[in-house]
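Report on the structure given below.
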Amino acid sequence: QVKGSTPSQRPPFPSLFASFEGTGPGSLLVHLHYDVRPAYWEDGWDGDPFLLRQGSEGELVGRVGGKADVGAWLWAIEAYKKEGLQLPLTVHLLIDGEYECCSETLDSVLDEIAVQPDH
């Protein structure tokens, strides 16, 4: 990635979309992202910023960006299913690949999926 790049200087990154049907009325559209901002050594990193590790005082150090949110939503939905439970409403996950750099294609993706969430 080029620091300070503009959308026209890089290829678009795809959005992912998934719907999980619920039993009740209504739906929820959740906008998540899987891209991250670049990390530079000059920002003070003393190891790979994308590798979670233990710091000098026992703390956990690392960057996850929006990927942790994606995992959390998927794990929560999976937990419902493993317990034999139904979601109380339909959940739509829109996972953006361009969030950190402007979501230039978001409007066209929303038009394409044509989801009308209630929340």
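In what follows, every heavy atom counts, from backbone to side chain, and hydrogens, waters and symmetry copies are set aside. No experiment lies behind these values; they were computed from the predicted model shown.
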* To do: Look at the side chain of Thr23 and the backbone N and O of Pro88, then say whether any donor-acceptor pair between them is shorter than 3.5 Å.
  => no
* To do: Using the rule that two of Ile, Leu, Val, Met, Phe, Trp, Tyr join whenever any of their side-chain heavy atoms come within less than 4.5 Å, decide whether Val70 and Leu52 are in one cluster.
  => no
* Structure fact -> In this structure, CG of Leu87 is separated from OG of Ser27 (nearest 0.5 Å) by 12.0 Å
* To do: Give, for atom OG of Ser103 and atom CG of Leu94, the distance between the pair rounded to the nearest 0.5 Å.
  => 8.5 Å
* If we only count heavy atoms from C-beta on, is the Trp73 to Val91 side-chain gap below 4.5 Å? -> yes
* Could you check if a side-chain atom of Ser15 sits within less than 4.5 angstrom of a side-chain atom of Phe17, using non-hydrogen atoms only? => no
* Asked: What do you reckon, is CH2 of Trp45 surrounded by more than 12 foreign heavy atoms closer than 6.0 Å?
  -> yes
* May I ask you to decide whether Asp43 forms a salt bridge with Arg37, counting only side-chain N to carboxylate O separations under 4.0 Å? => no
* Asked: Do Glu112 side-chain atoms and Leu110 backbone N/O form a donor-acceptor pair below 3.5 Å?
  -> no
* Do the side chains of Leu89 and Leu85 join up, straight or via other hydrophobic residues, at under 4.5 Å, putting them in one cluster? -> yes
* Structure fact -> When rounded to the nearest 0.5 Å, the distance separating NE2 of His31 from NE2 of His92 is 15.0 Å
* How many angstroms lie between CD1 in Ile95 and CG in Leu74, if you round to the nearest 0.5 Å? -> 5.5 Å
* **Closest heavy-atom pair and its distance - Glu59, Glu57** => OE1-N, 3.0 Å
* Hey, can you tell me if His33 and Tyr99 have their rings parallel, tilted or perpendicular (30° and 60° cut-offs)? => parallel
* Please tell me if the side chains of Leu28 and Val30 come closer than 4.5 Å, counting only heavy atoms from C-beta onward. => yes
* Of all the heavy-atom pairs spanning Phe20 and Leu93, show the shortest one and how long it is. => CE1-CD1, 3.8 Å
* N/O donor-acceptor pair under 3.5 Å between Glu98 side chain and Thr105 backbone -> yes
* Asked: Got a second to check how far Ile113's CD1 is from Ser108's OG, nearest 0.5 Å?
  -> 10.5 Å
